[in-house]
Structures are given as structure tokens and as C-alpha cells.
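Below is one structure, written out as C-alpha cells; the observations come after it.
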Amino acid sequence: MAHRFPALTSEQKKELSEIAQRIVANGKGILAADESVGTMGNRLQRIKVENTEENRRQFREILFTVDNSINQSIGGVILFHETLYQKDSQGKLFRNILKEKGIVVGIKLDQGGAPLAGTNKETTIQGLDGLSERCAQYKKDGADFGKWRAVLRIDNQCPSNLAIQENANTLARYASICQQNGLVPIVEPEVIPDGDHDLEHCQYVTEKVLAAVYKALNDHHVYLEGTLLKPNMVTAGHACTKKYTPEQVAMATVTALHRTVPAAVPGICFLSGGMSEEDATLNLNAINLCPLPKPWKLSFSYGRALQASALAAWGGKAANKKATQEAFMKRALANCQAAKGQYVHMGSSAATSTQSLFTASYTY
Amino acid sequence: MPHSYPALSAEQKKELSDIALRIVAPGKGILAADESVGSMAKRLSQIGVENTEENRRLYRQVLFSADDRVKKCIGGVIFFHETLYQKDDNGVPFVRTIQDKGIVVGIKVDKGVVPLAGTDGETTTQGLDGLSERCAQYKKDGANFAKWRCVLKISERTPSALAILENANVLARYASICQQNGIVPIVEPEILPDGDHDLKRCQYVTEKVLAAVYKALSDHHVYLEGTLLKPNMVTPGHACPIKYSPEEIAMATVTALRRTVPPAVPGVTFLSGGQSEEEASLNLNAINRCPLPRPWALTFSYGRALQASALNAWRGQQDNAGAATEEFIKRAEVNGLAAQGKYEGSGEDGGAAAQSLYIANHAY
């Protein structure tokens with residue numbers, strides 16, 4: 001083995017580690033508002049709003065100009081490239097609005113999926129080309145963390161060894177490049193819920209995937225204390241006939257994590273996948289109440305599960321701004337409580353809260 | 001990926017996990033009394049005693065006749081094959097004496113190191129042939145855990161990728177076979193302290209080695225909750241001119257473990273390598289006072305660092321047996337405190353306790 005060539009100085013490590021801890025401090029989580037143009041199209045179509053840059057800007061403005069107290073539940077917001085450079089109606093940059101609230105700004109860095117030939121429709125993720133230069137620019141423009149989503153699926157012969165190795169490797173390259181540029185990489189190896197497999201099978205696959213991810217991060221000399229993990233919770237496939245309680249989901253999830261995720265990782269922020277807002281909160285709460293050792297923060301990085309009610313309340317109309325903000329704030333607070341294991345389930349919930357947000361083979 | 005074929009039933013998992021937790025219960029550690037015939041030769045020659053089977057039996061009797069004071073600080077004893085079938089002067093099998101104290105019996109199962117051709121003097125460890133049958137027999141004969149030692153060394157070009165991979169693989173095969181037979185595997189990837197490298201270099205290498213070990217254990221479907229890890233502490237090479245405090249050693253050690261050892265592993269039982277009795281206790285104590293969060297038990301699996309004073313006091317004379325046993329009990333109690341971060345230090349110096357026990361390129 002060659003003598004080690006330190007990838008980062010102690011100052012760089014300290015900066016990364018502090019950013020990561022700030023994002024997940026005190027039950028805070030992440031608002032994933034980084035939907036690509038195409039994905040926003042899907043969302044807006046559901047509420048019959050046209051997918052224009054202005055409409056996308058308006059919706060994000062409503063979310064980001066919510067009362068400052070949002071900073072008690074939201075530690076970071078992930079933005080799409082376009083949004084990082086958009087302004088509110090007074091001409092103030094969104095990223096500055098967020099920073100002034102004490103919220104860390106993040107940026108989606110991957111450039112979508114590409115097929116892996118010779119597999120059963122599996123993919124890897126593109127975006128490494130020129131990534132260092134892009135990261136440096138984003139850092140100058142106010143971002144302090146990045147996000148990259150790899151996708152694996154459970155099916156016949158899937159995920160294959162190739163898909164696992166290739167996605168783990170690209171995640172590790174991305175993470176290494178981010179850290180070189182002062183950005184905390186959120187590592188997202190999503191095992192999607194499509195399929196009829198049961199909870200145990202998802203747990204088995206998640207363990208294999210995460211073991212490969214952490215081996216790759218180690219091989220690529222990534223500083224774990226300056227990263228965050230964004231995994232799927234362990235759940236049954238969406239078409240599985242067996243139903244599981246939040247406690248079962250929690251036990252399977254925390255078991256998988258504690259067999260694979262080193263304690264040095266400061267926080268694990270779950271993706272919501274196709275879960276309804278309420279399920280995403282209930283599951284996160286159960287996870288935080290799970291009796292197994294949990295040396296990392298267990299929090300959220302939700303897109304749909306934070307925004308569904310807000311989107312429905314908005315309906316594209318400026319007059320609905322207050323209702324939209326209230327809907328968003330409510331979910332943010334609920335998830336912050338869940339991240340501390342203190343969420344108390346409300347008896348009734350609006351139709352949108354429990355409506356399943358599952359879209360087959362979700363890519364965004 | 002094929003559906004998982006569970007390696008162990010729920011009952012088998014529970015049995016393994018219970019055994020592991022018993023061994024590393026708070027304040028308890030392991031007496032490594034598994035020196036091979038060849039290693040015992042070195043120990044006995046240092047005190048001028050002939051290396052006969054009877055002398056080895058008499059010496060182990062000194063250790064195993066310790067009174068109930070050891071119950072609170074010794075959770076397991078590792079035996080060598082010969083010793084597993086020996087009896088004390090009253091015809092009571094050693095295994096029974098140990099079990100009657102509520103201490104778990106373990107057995108060394110590796111068959112020593114062999115060279116890896118094409119490397120710079122590196123080795124792998126043999127012992128896999130017929131291992132399952134041997135484990136089944138040992139389980140019948142009273143053993144509930146096993147130990148297998150792999151050896152790596154630090155130099156300009158080592159450990160090589162091959163040495164790391166091969167030793168990790170062989171450890172994983174051994175662990176898998178043990179668990180099939182109801183035996184908790186102690187996984188020991190020792191990085192020798194030979195050399196003049198500094199603390200950082202040892203930490204770097206330890207992280208690489210442990211990452212490879214845990215990837216291999218995952219690949220081989222080993223149930224982590226039913227294993228223990230026996231690593232080296234992170235220390236400078238023995239010929240390194242820089243001196244480090246126990247706190248620096250503790251920090252480097254715990255950092256390395258936090259980055260690589262999943263929280264599912266119930267306990268880390270350090271080897272003492274060439275450390276003196278007192279050094280081994282002070283370092284373990286500092287490790288347990290380290291401010292970083294530590295999700296596993298951090299305790300001892302000491303050979304020389306528990307026995308040096310006892311050996312010296314005994315010198316082969318039966319009249320000295322009582323005094324020798326007292327020396328052992330004393331070190332056991334001290335390490336029991338150190339495993340809880342409660343050891344205040346001996347205050348006194350000299351004698352076998354402070355004498356460095358370093359032997360070059362030790363293979364036992």
C-alpha cells in the first residue's frame with residue numbers, strides 16, 4: 001500500500017463536518033426541492049398548472065418565504081440548478097433568503113440515469129464530467145452541500161452485482177469530488193419500492209447495497225464525517241400484498257443501517273419514495289423510537305412528503321399563498337417531531353396527507 | 001440478485017447474539033490463554049521453565065484457579081486445543097472450572113500463517129479445511145466462541161491489496177463456518193506494530209483493513225450481531241521516534257473504528273500486541289474515556305498483558321502458584337475497570353507491569 005496522500009486538510013475536514021452536523025442538528029431535516037424541470041411537470045400537471053419557469057419560481061417562492069421559524073425544522077434545502085439562480089418578486093435571490101434563515105443551501109448534481117447494457121434494464125447515473133468545476137462554481141454561488149441520486153431496483157436478477165458496484169463507485173467518485181470543493185455530499189443509493197417483494201427481501205438488498213456503498217466510499221478516501229446518507233427506508237414492494245406496521249418498517253430499516261453504516265456518518269436523511277405525507281412521518285417517528293443502537297441522526301430529506309399538501313393548497317393561485325405556507329409548515333414541524341421520536345399522530349388527516357404518492361418507476 | 005437464502009435461523013441468530021453479549025457484558029473482557037505450543041515455548045523460556053505439556057498444564061492451572069473475583073471482569077477465555085482437554089490436579093476439566101464461573105469458553109481454530117507468494121513477506125492464515133467438523137466437535141466439548149488471527153504488516157509497500165483482500169476473505173469464511181456451528185467468531189485482523197511508521201499511518205492502514213474485513217463479512221452473509229472484533233489499537237510503529245499519549249492513541253483508535261465497524265457489532269476486544277501490562281490498561285482506559293460516541297463495547301482480549309506478571313511470579317514453582325494467581329487477578333480487575341473508563345492508573349512503576357513486551361515480528 002502506498003503511503004497515504006491525505007485527500008483533505010484538517011481545515012477542510014472541519015468545515016465539511018460542521019456543515020453536515022448543522023443540517024441535521026436538533027431534529028432538523030431537509031426539504032428536497034430539487035425536482036428537475038420534467039419532474040416538476042409531473043407535479044404541476046396533477047394540480048392542473050402549466051409547467052413554466054415562472055410557475056416553478058412562484059411555487060418555490062411561496063415555500064422559501066415562509067416564516068423564519070421554519071429554521072427549527074428545516075436544516076437544509078436541495079435546489080435544482082435553475083432555482084439556485086432564481087429570485088423572489090422583490091428581486092432577492094432564493095439562496096440568500098434561505099441562508100438568512102440559517103438554512104444550508106444544497107444543489108442536485110447528478111445528470112440523470114443511463115442504461116447499463118447487458119442488464120435487466122438497470123441504470124447508472126451520469127454527471128461526473130466537469131463535476132469539479134461545477135462544484136467550485138456552486139460553492140461560490142452559495143451551495144454548501146450536493147446531492148446525487150443512484151437508483152437500484154428489485155426484480156428478477158436485480159439488483160445485479162454490476163449495478164451495485166457501478167452505482168456505488170459513481171457515488172463515491174461524486175462524493176470525493178464534492179469534498180474537494182467544500183461541498184458535503186449527500187449520498188443517495190435509492191432502492192426503489194417497485195415490485196411485489198416483501199420487507200425481508202428489501203432489507204437483504206438494502207444491506208448489500210449499503211455495504212458496497214461504504215466500501216466504495218472507503219476505497220475513494222471519502223471523509224465520512226463530512227457526508228450524509230439519503231437511503232430508502234426498508235419497506236415492502238408497493239405491489240406486495242402483505243401489510244407492515246411502522247414499527248416493522250422501523251425495525252427492518254434500523255437493523256439494515258446498523259449492519260452497514262459506520263457511526264462516523266453524522267446523519268441519515270431518509271427519502272420518502274412514494275409514501276404519503278403521513279406515512280413518511282409515522283415511519284420516521286417509529287424509526288426514532290426503535291430500541292436498536294442508533295449512533296447517527298435519523299431524519300428526513302423529503303420532496304413529495306413535504307410538499308404534496310402545499311401543492312394541492314396552492315393550485316397555481318397567488319391568493320392561496322398563506323394556505324400553502326401553512327400546509328408546508330405543518331408537515332415540516334411534524335417531521336421535525338418525528339426526527340426526535342416525538343410525533344403524535346393526528347386523528348384525522350386531509351385527503352392529500354394519506355394519499356399514496358407512488359408513481360411507478362419514479363425517476364426525477 | 002437471487003433471493004436471499006438465510007444463512008441462519010432466528011434461533012441460531014439469537015443464540016449467537018446472546019453469547020457475544022455475555023462475553024462483552026459491561027466491565028468484562030477476554031483472557032487470551034490460547035498460546036500455541038511454539039508460543040508457550042517462548043514464554044516459558046523467558047522464565048527458565050521447560051516447555052512440557054505438564055508445565056503448560058500447571059501454568060494454565062495457575063490462571064484458571066483464580067477465585068470468584070474474576071467473574072466480574074472476565075467474560076471469556078480463549079483456549080488452545082490441547083488445553084481444552086486438560087484437567088486440574090483434582091481431575092476437574094479446565095473447561096468445567098471456567099464454565100462454572102459463568103465464563104464463556106472459546107477455542108483458537110486457525111492453523112497459523114503461510115506465505116503469500118509474490119508479496120514482500122506477507123502471509124495469509126490457514127485452517128479452513130475440515131473447519132466445520134472441528135467447530136461442531138468443539139461446540140460439543142464446551143466451546144461457544146472461536147478465534148482466528150490474521151496478520152498484516154506496515155512497510156513501504158505493505159499491506160498490499162492482495163494481503164488485505166485475502167486475509168479479509170479467509171476471516172469471512174472462518175466466521176461463516178463458525179456461525180453455522182453455533183460458535184461466535186472473534187475476527188482478528190492484526191496489523192503488527194513492527195516498523196517506524198507514525199500514528200497516522202497506522203490509522204490509515206487500520207481503516208483500509210477494517211473496511212475490507214466488513215465488506216467481506218457482508219459478502220459472506222455473516223451475522224454481525226453474533227461476532228466480535230479483535231483488532232490492534234491504533235499505535236505508532238515500535239521504532240517510531242515520536243511518542244504519543246494514551247489519549248492520542250485512543251482518539252486515533254476510536255476514529256478508525258467509527259469509520260469502519262458497523263454499530264451492529266456488539267463488542268471490540270483489543271489485542272495487546274507488544275504493549276506492557278500497564279500500557280495496555282492505560283490505553284484501554286483512555287479509549288473508554290474518548291469523547292467520540294462509541295456504539296460497541298470496547299474491552300480487552302489480552303494474552304501477554306494479562307499474564308506477564310503472573311508468569312514472572314510463578315517461574316515454574318508450585319510454591320509461587322498462589323502469588324502468581326493473585327498477579328493475574330490484579331491485572332484482570334484493572335482491565336475490567338479500564339473497560340469502563342474507571343481505571344485511575346497504578347501509580348507504581350517497574351517490574352513486569354511497565355516492562356515493554358515487544359517481540360519483533362511476533363507470530364504465535
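In the text below, chain A, chain B and the rest are named by the order of the sequence lines, each starting its count at 1.
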TODO: Flag yes if more than 12 heavy atoms outside B:Asp18 fall under 6.0 Å of its CG atom; otherwise flag no.
DONE: yes
TODO: Check whether B:Ala163 gets within reach of chain A through its side chain, its backbone, both or neither, counting any heavy atom under 4.5 Å.
DONE: neither
TODO: Measure the CG-NZ distance between A:Asp219 and B:Lys215 for me, rounded to the nearest 0.5 Å.
DONE: 9.0 Å
- [ ] Just give me the residue among A:Ala264, A:Pro6, A:Ala163 that pairs up with chain B most often, heavy atom to heavy atom, under 4.5 Å.
- [x] A:Ala264
TODO: With a 4.5 angstrom heavy-atom cut-off, could you sort out which part of B:Tyr223 is near chain A: side chain, backbone, both or neither?
DONE: side chain
Task: Part of B:His197 lying under 4.5 Å from any heavy atom of chain A - done: neither
TODO: Check B:Ala211 against A:Lys215 and note the closest heavy-atom contact, atom names and distance.
DONE: O-CD, 3.8 Å
Open item on the list: Measuring from atom OH of B:Tyr214 to atom CZ of A:Arg259, what distance do you get when rounded to the nearest 0.5 angstrom?
Closed with: 13.5 Å
Open item on the list: Need one label for A:Glu225: side chain, backbone, both or neither, based on atoms under 4.5 Å from any heavy atom in chain B.
Closed with: side chain
Task: Proximal component of A:Asn120, with respect to chain B [non-hydrogen, under 4.5 Å] - done: neither
- [ ] Against chain B, label A:Ala212 side chain, backbone, both or neither, depending on which of its atoms sit under 4.5 Å from a heavy atom there.
- [x] both
Task: Nearest-0.5 Å distance, CG of residue B:Leu224 to CD of residue A:Glu207 - done: 8.5 Å
- [ ] Please confirm whether the backbone N or O of B:Ser218 pairs with a side-chain atom of A:Lys208, one donor and one acceptor, at under 3.5 Å?
- [x] yes
- [ ] State the OH-NE2 distance between A:Tyr204 and B:His221, to the nearest 0.5 angstrom.
- [x] 4.5 Å
